[in-house]
There are 2 protein chains.
Amino acid sequence: MATGRTHRPATRSRGIPEATVARLPLYLRALTALSERSVPTVSSEELAAAAGVNSAKLRKDFSYLGSYGTRGVGYDVEYLVYQISRELGLTQDWPVVIVGIGNLGAALANYGGFASRGFRVAALIDADPNMAGTPVAGMPVQHTDELEKIIADNGVSIGVISTPAGAAQQVCDRLVAAGVTSILNFAPTVLSVPDGVDVRKVDLSIELQILAFHEQRKAGEEAGAEAVVADAVAEAAAADVTAAGSAAEAAPTAARAENTDRKGPDGDVPAVMPA
Amino acid sequence: MATGRTHRPATRSRGIPEATVARLPLYLRALTALSERSVPTVSSEELAAAAGVNSAKLRKDFSYLGSYGTRGVGYDVEYLVYQISRELGLTQDWPVVIVGIGNLGAALANYGGFASRGFRVAALIDADPNMAGTPVAGMPVQHTDELEKIIADNGVSIGVISTPAGAAQQVCDRLVAAGVTSILNFAPTVLSVPDGVDVRKVDLSIELQILAFHEQRKAGEEAGAEAVVADAVAEAAAADVTAAGSAAEAAPTAARAENTDRKGPDGDVPAVMPA
DNA sequence: CCATCTTTGTGCACGCGTTCACAAAGACAT
DNA sequence: ATGTCTTTGTGAACGCGTGCACAAAGATGG
């Protein structure tokens, strides 16, 4: 059992900060695009713009990899592509299994971004016997019973879980027992894994919820609470930060602009509301 | 404002740290599960374990929302569910459009996690005329031409982009022009948006690349790096992952269509091109 | 009503990540 | 060669996030 401990001791990596590692794929993509356009060199400023980050951050990130730039010129695109690929371990071929071939699993199987980056889908696995043999993305789906054998035969160390939440932990346990040490989890569940196994989580609904939070904040700043008329967004250059009266939202009485704006900096206290 | 400008003002949200907001959905999920099991109260320790975080962190997170706990007892599950839902803006209904109904778009349309959390798929939009009318997830796909009208009619403020990379920026521009102010982007591209618009990115291949990095590090550590010393590894079984030439080892039957050399299926060419 | 026990809420310290600003390094022109 | 100009690489400051440790608050039992 042993729940809990799902976190990573992580950052013990050889010098390279976790935040930097997370950005390397971003740089790599931008560099690949430049490479395809036969651009020979690129400055930190240009590359940073293409990757959507700060140039100083980019330079510092690269400094962890070594001094691959030339002052006064910039970075050699091809060379940098190679260095980052090597650092990320993409110069080798990573066999990957996808477990749970529903809509999402099928989407992942068809996703081109994998094959083009050193990943190879070694097998598609599903628990539904009726799916066995069905071709998805030009590859027959195999039954869960074969899981251990598939992993052993292909030397798979990375697994993708796109099953329903209820099956995720069980699948995870089997993957780990079979030798998988890195898992990308799409199921909305917290997975428990032993030390030494990395888990990364992608949760679609969480991302949306975070957006909703900001959206609500934006709407609240500008007008009342309720989703009044879907008014065309006028230039809300108001630029003020009226502390949202979120507490008052319980009583949605149209949009009261007047509504006091006392309380400047401090957070708004819920005040009432019986405990 | 031209292009560029991808940075976000970030934590300008008066009060609740961004990191905390990102965890609220996690707590909410755990609490919902408890609620369904009719658990009346929960301690920070228990809830933290269920959510996979540190209990101190959880308490601090909740402290930003207010003092909703009872010392010596814990938190009232139902009450906390309500408070977090309200804070995240999930007590209202958020109409969402999904643009790009390929494999991934279809998966998103079918994803139950949306409807159960205050999100409602208002429309599915695709540029392919042949898809128009085709039912996906019990809803007819509509053509891109209808985009502006759909957004206006439904008061949509959140858009999901699951198109190929090449079309993403264009779709994004249209969404924003039509009034969308929050975007969840699945296309492997950096989107440029004006201030006031939030963009969150979910990139499948980036996550895998990060895993590959750690995987490589693990393998390298164990094998003793480049040390020439002929170490007699007893448990060499797990080390075979490092074998670089393992590509030919499996050689699955299915011919992998065309080579991935030139242009990746995801086509990450366009990207940015300022000036 | 008091003592004890449980659990929250938070002050504080620490470390990571970000950003600024600038000296060093090299290209390039003269 | 020398000066100028561009761009890298990084020292240092700052801010955010995390986790510890503990006092305050309230429940519970006598």
Residues which pass side-chain hydrogen bond (donor to acceptor under 3.5 Å, both in side chains) with [X], listed by chain and number, not counting sequence neighbours:
{"X": "B:R71", "answer": "none"}
{"X": "A:D203", "answer": "A:S205, B:R29"}
{"X": "B:S162", "answer": "none"}
{"X": "A:D76", "answer": "none"}

>> Within the 3.5 Å criterion, strictly below it, is a donor on B:Q169 or B:T189 matched to an acceptor on the partner's side chain?
In response: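 No, because no side-chain N or O of B:Q169 sits under 3.5 Å from a partner of the opposite role on B:T189.
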For [X] and [N], give me the distance from atom [atom1] to atom [atom2], rounded to whole Å.
{"X": "A:E18", "N": "C:dT18", "atom1": "CD", "atom2": "P", "answer": "11 Å"}
{"X": "A:E45", "N": "D:dG9", "atom1": "CD", "atom2": "C1'", "answer": "14 Å"}
{"X": "A:I16", "N": "C:dC16", "atom1": "CD1", "atom2": "P", "answer": "15 Å"}
{"X": "A:N54", "N": "D:dC14", "atom1": "CG", "atom2": "C1'", "answer": "15 Å"}
{"X": "B:K57", "N": "D:dC16", "atom1": "NZ", "atom2": "P", "answer": "17 Å"}
{"X": "A:R23", "N": "C:dC16", "atom1": "CZ", "atom2": "C1'", "answer": "11 Å"}

> Which of residues 31-39 of chain B have a heavy atom under 4.0 Å from DNA chain C?
Replying inline: none
> How would you list all residue pairs meeting ring-ring contact (aromatic ring centres under 6.0 Å, His included) that involve residues 190-211 of chain A, not counting sequence neighbours?
Replying inline: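 Qualifying pairs, neighbours excluded: none.
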Give every pair of a protein N or O atom and an N or O atom of nucleotides 9-11 of chain C that lie under 3.5 Å apart, one pair per line with the distance.
| from | atom 1 | to | atom 2 | distance (Å) |
| --- | --- | --- | --- | --- |
| C:dG9 | OP1 | B:G69 | N | 3.0 |
| C:dG9 | OP2 | B:Y75 | OH | 2.7 |
| C:dG9 | O4' | B:R71 | NH2 | 3.0 |
| C:dG9 | N7 | B:R59 | NE | 2.9 |
| C:dG9 | O6 | B:R59 | NH2 | 3.2 |
| C:dG11 | O6 | B:K60 | NZ | 3.2 |

>> With a cut-off of less than 4.0 Å, is there a side-chain N or O of A:S43 near OP1 or OP2 of D:dT7?
In response: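 No, A:S43 has no side-chain N/O under 4.0 Å of OP1/OP2 on D:dT7.
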> Quick one: salt bridge (Lys or Arg N to Asp or Glu O under 4.0 Å) partners of A:E207, sequence neighbours excluded?
Replying inline: B:R200
>> Restricting to salt bridge (Lys or Arg N to Asp or Glu O under 4.0 Å), what partner residues turn up for A:R23, sequence neighbours left out?
In response: A:D61
